[in-house]
Protein chains: 2
Amino acid sequence: MTPRSRPIALDEVSKAIIEQLQEDGRRSYAEIGKAVGLSEAAVRQRVQKLTDAGVMQVVAVTDPMQLGFYRQAMVGIRVTGDSRVIAQKLSDITAVDYVVLTAGSFDILAEIVCENDDELIELLNERIRRIDGVEATETFVYLKLQKQLYNWGTR
Amino acid sequence: MTPRSRPIALDEVSKAIIEQLQEDGRRSYAEIGKAVGLSEAAVRQRVQKLTDAGVMQVVAVTDPMQLGFYRQAMVGIRVTGDSRVIAQKLSDITAVDYVVLTAGSFDILAEIVCENDDELIELLNERIRRIDGVEATETFVYLKLQKQLYNWGTR
DNA sequence: AGTGAAACGACCGTAGA
DNA sequence: TCTACGGTCGTTTCACT
């Protein structure tokens with residue numbers, strides 16, 4: 001969990017271990033060991049270190065579509081005042097699964113996952129635009145997700 | 001892996017199992033069973049079903065910052081021609097970890113993960129803007145990631 | 001869909017190179 | 001940081017509800 005100022009130098013073996021776990025997060029250490037040419041204990045120690053260092057995490061990810069959330073959108077937001085306060089309020093909305101403070105013509109980008117267009121409209125009008133300091137929003141409705149890798153960085 | 005047109009109705013127990021695995025993807029079925037009040041075998045069967053149905057996946061996610069990728073940005077792209085072709089070309093760039101086709105004033109949103117500003121500038125000028133049909137780009141440099149949940153939906 | 005039991009395999013701590 | 005090994009715990013299969 002230690003945040004670092006210098007990047008952790010990963011050797012080829014650790015990269016291979018991470019790749020194994022990106023394919024299947026529940027693959028056994030023994031099996032990974034066979035694939036990367038290391039003993040079960042060594043793999044376990046490396047995974048422990050990578051996890052403790054905050055380089056990697058093994059988690060469940062869900063598919064919104066399979067759960068009935070057919071509508072996703074990215075909302076670009078221009079604000080006045082403290083963008084951190086507004087970002088926090090956005091984070092409190094369940095349907096908002098991603099919030100990032102940005103530099104550019106938007107101060108915040110927020111991703112929304114919801115069931116349908118009605119819910120999206122309601123979220124925009126009743127929740128997001130009502131937050132104090134939200135000056136303008138621009139919505140980009142998702143048509144097709146083309147590529148998604150799992151990187152992680154909230155702290 | 002079966003894509004469905006109707007959402008899968010999850011009962012409270014399955015939701016609880018998914019929550020357990022969102023906290024720690026390597027938690028044992030026995031331990032999850034204790035937490036949700038089910039036998040180990042029953043938990044395993046449910047996880048198997050959820051995974052096969054494509055509702056959930058257990059995978060490793062990495063933290064770009066810890067790996068030395070200090071610069072992230074979202075790029076909004078306006079295109080002429082077939083946005084699918086352009087989205088595919090963007091997906092082929094290693095530093096691009098997220099590509100989505102959108103409706104709105106951008107046709108495509110692409111997230112970039114790179115080491116520093118120089119690399120970002122190079123990517124924008126030498127790779128992205130050189131793709132045939134890319135008319136205009138607008139870049140939103142990440143200042144702080146505030147919230148990130150793991151949803152998954154590429155197919 | 002669920003439980004329980006027995007065989008098997010994975011995981012964990014520790015010792016040693 | 002790795003391998004080796006033994007004890008413990010998790011997983012798998014199967015018979016049963």
Side-chain angles (χ1 to χ4, degrees), chain A residues 1-63 65-68 150 152, chain B residues 1-69 150 152:
Chain A
M1 287 289 189
T2 321
R4 308 202 35 167
S5 52
R6 297 262 185 98
I8 288 161
L10 293 189
D11 61 14
E12 292 309 310
V13 177
S14 287
K15 282 182 193 166
I17 291 172
I18 293 174
E19 272 169 36
Q20 290 283 321
L21 289 169
Q22 281 173 335
E23 282 173 23
D24 177 6
R26 290 195 74 87
R27 193 162 290 171
S28 77
Y29 297 136
E31 200 180 338
I32 295 168
K34 275 178 218 161
V36 307
L38 226 60
S39 71
E40 175 271 328
V43 173
R44 186 158 35 89
Q45 284 163 20
R46 277 177 183 250
V47 170
Q48 188 69 53
K49 268 183 78 174
L50 290 169
T51 307
D52 288 349
V55 170
M56 194 196 76
Q57 233 188 350
V58 177
V59 292
V61 296
T62 54
D63 182 349
M65 288 292 240
Q66 296 287 341
L67 296 171
Y150 299 108
W152 152 58
Chain B
M1 287 290 189
T2 320
R4 306 202 34 168
S5 53
R6 297 264 184 95
I8 289 161
L10 294 187
D11 60 14
E12 292 310 310
V13 177
S14 288
K15 283 182 192 166
I17 291 172
I18 292 174
E19 272 169 34
Q20 291 282 322
L21 289 170
Q22 281 172 334
E23 283 173 23
D24 177 6
R26 290 195 74 86
R27 194 162 290 169
S28 76
Y29 297 134
E31 200 180 336
I32 295 168
K34 274 178 218 160
V36 307
L38 225 60
S39 73
E40 178 274 327
V43 173
R44 187 156 36 81
Q45 278 170 204
R46 278 176 183 251
V47 170
Q48 188 69 52
K49 270 180 83 168
L50 290 168
T51 307
D52 289 349
V55 171
M56 195 196 75
Q57 234 186 347
V58 176
V59 292
V61 298
T62 54
D63 182 350
M65 288 292 239
Q66 297 288 342
L67 296 171
F69 299 103
Y150 300 109
W152 151 58

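All of these numbers come straight from a predicted model, not from anything done at the bench. Every chain is numbered from 1 and lettered A, B, ... according to where its sequence line falls, protein lines coming before strand lines.
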Work out which heavy atom in [X] is nearest to a heavy atom in [Y]; give both atom names and the distance.
| X | Y | answer |
| --- | --- | --- |
| A:Met56 | A:Val47 | CE-CG1, 4.0 Å |
| A:Asp11 | A:Ser14 | OD1-N, 2.8 Å |
| A:Trp152 | B:Pro64 | O-CD, 2.8 Å |
| B:Gly54 | A:Asp63 | O-CB, 3.4 Å |

| message | When the axes are fitted on five pairs at both termini, how much does the helix from C:dA1-D:dT17 to C:dA17-D:dT1 curve, in 10° steps? | response | 30°

| request: Would you indicate whether the side-chain heavy atoms of B:Leu67 and A:Val55 approach each other to under 4.5 Å? | output: yes

| message | Which residues pass the side-chain hydrogen bond (donor to acceptor under 3.5 Å, both in side chains) test with B:Gln20, not counting sequence neighbours? | response | B:Arg27

| query | Can you list the residues that meet the side-chain hydrogen bond (donor to acceptor under 3.5 Å, both in side chains) rule with A:Gln48, with sequence neighbours excluded? | reply | A:Asp52

| field | Strand contacts (DNA chain C) in residues 10-17 of chain B, 4.0 angstrom heavy-atom criterion | value | none

| field | Under 3.5 Å donor-acceptor, B:Arg26 side chain and A:Val58 backbone | value | no

| Roughly how far, to the nearest 0.5 Å, is CD1 of B:Ile18 from OG1 of A:Thr62? | 6.5 Å

| field | Approximate separation, where rounding is to 0.5 Å, of B:Leu38 CG and B:Ile17 CD1 | value | 6.0 Å

| said: Check whether A:Tyr29 forms a cation-pi arrangement with A:Arg46 (NZ or CZ under 6.0 Å from the six-membered ring centre, at most 45° off the ring normal). | reply: no

| Verdict with supporting geometry, A:Lys15 and A:Glu12, salt bridge (charged side-chain N to carboxylate O under 4.0 Å, His left out) | CA-CA 5 Å; A:Lys15 282 182 193 166; A:Glu12 292 309 310; 3.6 Å; yes

| said: With a strict under 4.0 Å distance from non-hydrogen atoms of chain A, what nucleotide opens and what nucleotide closes the contacted stretch of DNA chain D, reading 5' to 3'? | reply: D:dT1 to D:dT11

| remark: Scoring nucleotides 3-17 of chain C by protein non-hydrogen atoms under 4.0 Å (B base, S sugar-phosphate only, - none) yields S------SBBB----

